[in-house]
Amino acid sequence: MGVFEDLKARGLIAQLTNEDSIRELMNSGGATFYIGYDATADSLHVGHYLQLATSARLQQAGNKPIVLLGGGTTMVGDPSGRNDMRKIMTREIINHNAECFKKQMAKFIDFKKPGAVMADNADWLLDLNYVSFLREVGIHFSVNRMLAAECYKSRLEDGLTFFELNYMIMQSYDFAVLHDKYGCNMQCGGDDQWSNILGGIDLVRRMYGDEVYGATFSLLTTSEGKKMGKSQSGAIWLDPNKTPPYDFFQYWRNVEDADVMRCLKMLTFLPVEQIDEEFGKLEGKDLNRAKETLAYELTKTVHGEEEANKALAAAKQVFESAGVSDDMPTKEIADADFENDMIGLLDLLVKTDIAPSKAEARRLVEQGGIILGDIKVEDAKATVGKDLFDNGFVIVKKGKKNFYKVVLK
RNA sequence: GGGGAGAUUCCCGAGCGGCCAAAGGGGGCAGACUGUAAAUCUGUUGCAUUAUUGCUACGAUGGUUCGAAUCCAUCUCUCCCCA
């Protein structure tokens with residue numbers, strides 16, 4: 001089975017410009033493909049991971065990946081599929097973000113292998129001369145056709161600025177530059193990038209007369225079509241400082257039944273046959289085994305084996321034996337916060353960031369959402385004595401799934 | 001450039017000058033039920049104190065009024081139609 005068939009089996013392939021040619025190209029290792037990443041935040045998230053992991057699969061099959069940082073395109077912002085304009089970001093922030101991206105990306109793509117390249121479109125976009133760019137590149141674009149693109153549909157109702165309309169042209173130009181510079185012959189991306197990719201393919205043909213290809217990968221969505229990788233507290237980041245490995249692990253441990261198989265196939269590097277064999281027939285609560293594997297495998301590739309083991313062990317102890325683990329999320333409370341060796345429960349919750357405000361803390365307590373040690377506390381006026389901190393800590397449970405070890409400092 | 005509509009709490013979206021911390025929905029959080037799942041049901045959802053209440057909030061700034069999210073003026077931004 002070639003890498004193309006593997007990607008297909010994993011459900012990663014969404015759209016292709018030319019299936020036969022692309023299969024041939026990918027399977028023979030002849031693809032020099034690029035995926036662009038706009039530096040919109042200071043950490044990669046799960047959506048990026050999916051693209052990077054897929055790139056890694058292709059690289060392992062001998063294809064050459066080009067990772068393109070969008071230092072230039074981020075200055076404009078991609079309007080595809082959005083119904084509002086992106087916030088305009090400063091050069092400094094974009095540069096900082098791009099630096100953060102670079103560090104994280106090296107984990108997934110092997111840049112030491114020949115042909116693997118990291119580029120930044122700031123290098124050719126920012127110093128363009130407006131008029132000559134229009135004459136050389138702009139001339140190849142039909143506004144009529146651009147506006148007909150699916151990705152602008154919602155924007156045509158709410159308004160689309162000329163500024164943003166140029167995004168597609170910039171991205172298309174990227175492809176042309178990479179084609180010229182590195183012999184790039186394929187662009188990949190999320191399925192929302194289809195229009196932009198087609199633009200690039202067209203441009204390369206018009207400028208160089210060369211045939212290049214485009215492929216989009218399925219977006220990671222739940223069975224209900226909602227984007228995955230977002231939690232109530234925001235995106236799931238790959239940066240351990242923004243999303244601790246334990247939280248990362250828990251996110252995947254808690255995916256819905258209907259999504260486990262797809263996630264396993266799309267995100268982990270376990271062989272498809274193994275996934276099907278081991279988990280394909282599971283039903284009901286047995287699916288928990290699949291979820292555990294998903295969480296473990298993903299944490300392992302993103303944060304390393306050691307962190308994955310820790311997260312798995314912590315989760316097991318906390319959930320299965322109601323025990324204490326050194327690796328469970330820890331919060332600190334200062335000795336100075338106590339008065340006569342006592343502290344109000346609400347103060348404790350707020351000071352440890354378990355609850356964002358006292359009102360919220362009160363609500364939690366009154367609704368029975370707080371368990372201290374093994375006592376459910378429902379009195380908001382309760383106070384906590386230092387003596388409760390056996391061995392210097394106490395376990396606070398917020399809701400059913402959030403466990404914290406509060407350490408007395 | 002001309003004409004019109006609008007800016008409300010996390011999001012969408014109601015809102016007679018006092019009864020508006022603001023309907024309703026979504027989302028979130030918590031409880032019940034469960035499998036660390038889903039669906040369902042219940043409660044809750046600005047901050048601070050809870051007995052009362054205080055403070056901050058309805059694009060921005062001023063004004064009218066005993067009293068404004070609601071009226072007036074100016075400004076900023078957005079959308080629609082025409083050119």
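Quick caveat: nothing in here was measured; it's all calculated off a predicted structure. Order of the sequence lines sets the chain letters (A, B, ...), proteins ahead of strands, with each chain counted from 1.
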K.L.:
Test side-chain contact (heavy atoms from CB on, under 4.5 Å) on V212(A) and R205(A) and set out the steps.
P.N.:
CA-CA 8 Å; V212(A) 289; R205(A) 196 185 59 245; over 6 Å; no
K.L.:
Looking only at atom C1', what distance separates C82(B) and U9(B), rounded to whole Å?
P.N.:
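Roughly 37 Å separates the two C1' atoms.
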K.L.:
Have a look at G284(A) and say if it touches a base, only the backbone sugar-phosphate, or nothing, with a 4.0 Å heavy-atom cut-off.
P.N.:
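Since a base atom lies under 4.0 Å of G284(A), the category is base.
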K.L.:
Please check if any side-chain donor atom of Y167(A) sits under 3.5 Å from a side-chain acceptor atom of D38(A), or the reverse.
P.N.:
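Side chains of Y167(A) and D38(A): pair found under 3.5 Å.
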K.L.:
Check the pair V396(A) / I371(A) against side-chain contact (heavy atoms from CB on, under 4.5 Å), numbers first and verdict last.
P.N.:
CA-CA 6 Å; V396(A) 177; I371(A) 293 176; over 6 Å; no
K.L.:
Could you work out the separation of G62(B) and G54(B) based on their P atoms and round it to a whole Å?
P.N.:
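Taking atom P in both G62(B) and G54(B), they lie 24 Å apart.
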K.L.:
Going through the distances and angles, do Y173(A) and L128(A) end up as a side-chain contact (heavy atoms from CB on, under 4.5 Å)?
P.N.:
CA-CA 11 Å; Y173(A) 183 61; L128(A) 284 172; 3.9 Å; yes
K.L.:
Let's test your reading of the model: under 3.5 Å, does the base of G35(B) pair with the side chain of D257(A) as donor and acceptor?
P.N.:
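Between G35(B) and D257(A), which were checked side chain against base, a qualifying N/O pair under 3.5 Å is present.
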K.L.:
Should stems be defined as at least three consecutive Watson-Crick or G-U pairs with both distances under 3.5 angstrom, which of them involve RNA chain B?
P.N.:
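The stems that RNA chain B takes part in, listed by first number, are B:1-7 with B:76-82, B:10-12 with B:24-26, B:27-32 with B:40-45, B:46-48 with B:53-55, B:59-63 with B:71-75.
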K.L.:
Identify whether the distance between the nearest side-chain nitrogen and carboxylate oxygen of K8(A) and E5(A) falls below 4.0 Å.
P.N.:
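Salt bridge absent between K8(A) and E5(A).
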K.L.:
Calculate the interatomic distance between K285(A) atom NZ and A38(B) atom C1'; express it in whole Å.
P.N.:
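Atom-to-atom, K285(A) to A38(B), this comes out as 16 Å.
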K.L.:
Please state the C1' separation for the pair A69(B) and U56(B) - nearest whole angstrom.
P.N.:
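These two C1' atoms come out 14 Å apart once rounded.
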K.L.:
Rounded to the Å, how far apart are L294(A) CG and U36(B) C1'?
P.N.:
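Answer to the nearest Å: 14 Å.
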K.L.:
Looking only at atom C1', what distance separates U8(B) and G59(B), rounded to whole Å?
P.N.:
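Those two atoms are separated by 10 Å.
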K.L.:
Distance check needed: A39(B) P versus E256(A) CD, whole Å only.
P.N.:
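Roughly 6 Å, once rounded to whole Å.
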K.L.:
Can you list the steps and then say if M170(A) with N121(A) is a side-chain contact (heavy atoms from CB on, under 4.5 Å)?
P.N.:
CA-CA 9 Å; M170(A) 293 169 73; N121(A) 61 21; over 6 Å; no
K.L.:
Using the C1' atoms only, state how far A22(B) lies from U45(B), rounded to an integer number of Å.
P.N.:
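Result for the C1' pair: 14 Å, nearest Å.
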K.L.:
Grab the CZ-P distance between F163(A) and U78(B) for me, whole Å please.
P.N.:
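Taking CZ of F163(A) and P of U78(B), I get 13 Å after rounding.
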K.L.:
Base, sugar-phosphate alone, or nothing: which one does A380(A) contact when heavy atoms must sit under 4.0 Å apart?
P.N.:
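No contact.
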K.L.:
Please check if the number of heavy atoms outside I139(A) that lie under 6.0 Å from its CD1 is greater than 12.
P.N.:
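Not more than 12 within 6.0 Å, no.
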K.L.:
Take atom CZ of R253(A) and atom C1' of G35(B), then tell me their distance rounded to the nearest Å.
P.N.:
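Distance, rounded to whole Å: 8 Å.
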K.L.:
Does the ring of F279(A) carry R289(A) above it, NZ/CZ under 6.0 angstrom from centre and within 45° of its axis?
P.N.:
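No, a cation-pi geometry is absent between R289(A) and F279(A).
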K.L.:
Among the candidates A38(B), G35(B), A30(B), find the nucleotide nearest to the side-chain atoms of K398(A).
P.N.:
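Nearest to the side chain of K398(A) among the choices is A30(B).
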K.L.:
What is the separation between atom CG on L349(A) and atom C1' on A30(B), rounded to the nearest whole Å?
P.N.:
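Result: 13 Å.
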K.L.:
What string of B, S and - do you get for nucleotides 47-57 of chain B, 5' to 3', if B is base contact, S is sugar-phosphate-only contact and - is no contact with any protein heavy atom under 4.0 Å?
P.N.:
SSBB-------
K.L.:
Please evaluate residues D42(A) and W237(A) with respect to the criterion side-chain hydrogen bond (donor to acceptor under 3.5 Å, both in side chains), reporting the C-alpha separation (whole Å), side-chain torsions for both, the decisive distance (0.1 Å), and the verdict.
P.N.:
CA-CA 9 Å; D42(A) 60 3; W237(A) 303 103; over 6 Å; no
K.L.:
Are T301(A) and L298(A) close enough that some pair of their side-chain heavy atoms sits under 4.5 Å apart?
P.N.:
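In short, these two side chains touch, coming nearer than 4.5 Å.
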K.L.:
Taking atom P of U34(B) as reference, at what distance in whole Å does atom NZ of K401(A) sit?
P.N.:
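Going from NZ in K401(A) over to P in U34(B) covers 16 Å.
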K.L.:
Quick one: is K376(A) getting a side-chain N or O under 4.0 Å of the A30(B) phosphate, OP1 or OP2?
P.N.:
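For A30(B), OP1/OP2 do not have a side-chain N/O of K376(A) under 4.0 Å.
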K.L.:
If the C1' atom of A83(B) is compared with that of A60(B), how far apart are they to the nearest Å?
P.N.:
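So the two C1' atoms sit 31 Å from each other.
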K.L.:
Of E283(A) and L364(A), whose nearest nucleotide on RNA chain B comes first from the 5' end?
P.N.:
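In this pair, the answer is L364(A).
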K.L.:
Quick one: do D110(A) and Q60(A) satisfy side-chain hydrogen bond (donor to acceptor under 3.5 Å, both in side chains)? Show the steps, please.
P.N.:
CA-CA 9 Å; D110(A) 184 356; Q60(A) 280 163 19; over 6 Å; no
K.L.:
Can you tell which of G35(B), A30(B), U34(B) lies closest to the side chain of K400(A)?
P.N.:
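Looking only at heavy atoms from C-beta outward on K400(A), the closest nucleotide is U34(B).
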K.L.:
Between A57(B) and G46(B), how many Å separate the two P atoms, rounded to a whole number?
P.N.:
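Comparing P positions in A57(B) and G46(B) gives a spacing of 16 Å.
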K.L.:
Regarding G31(B), can its base be found pairing with the side chain of Q367(A) as donor and acceptor, where the two atoms are less than 3.5 Å apart?
P.N.:
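Such a pair does not exist between side chain and base.
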K.L.:
Quote, to the nearest angstrom, the P distance that separates G17(B) from C71(B).
P.N.:
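The same atom, P, in both gives a distance of 7 Å.
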K.L.:
Rounded to the nearest Å, what distance is computed from the NZ atom of residue K291(A) to the P atom of nucleotide G35(B)?
P.N.:
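Answer to the nearest Å: 12 Å.
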K.L.:
The side chain of N402(A) is closest to which nucleotide in this list: A30(B), G31(B), A37(B)?
P.N.:
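Among the listed nucleotides, the one closest to the side chain of N402(A) is A30(B).
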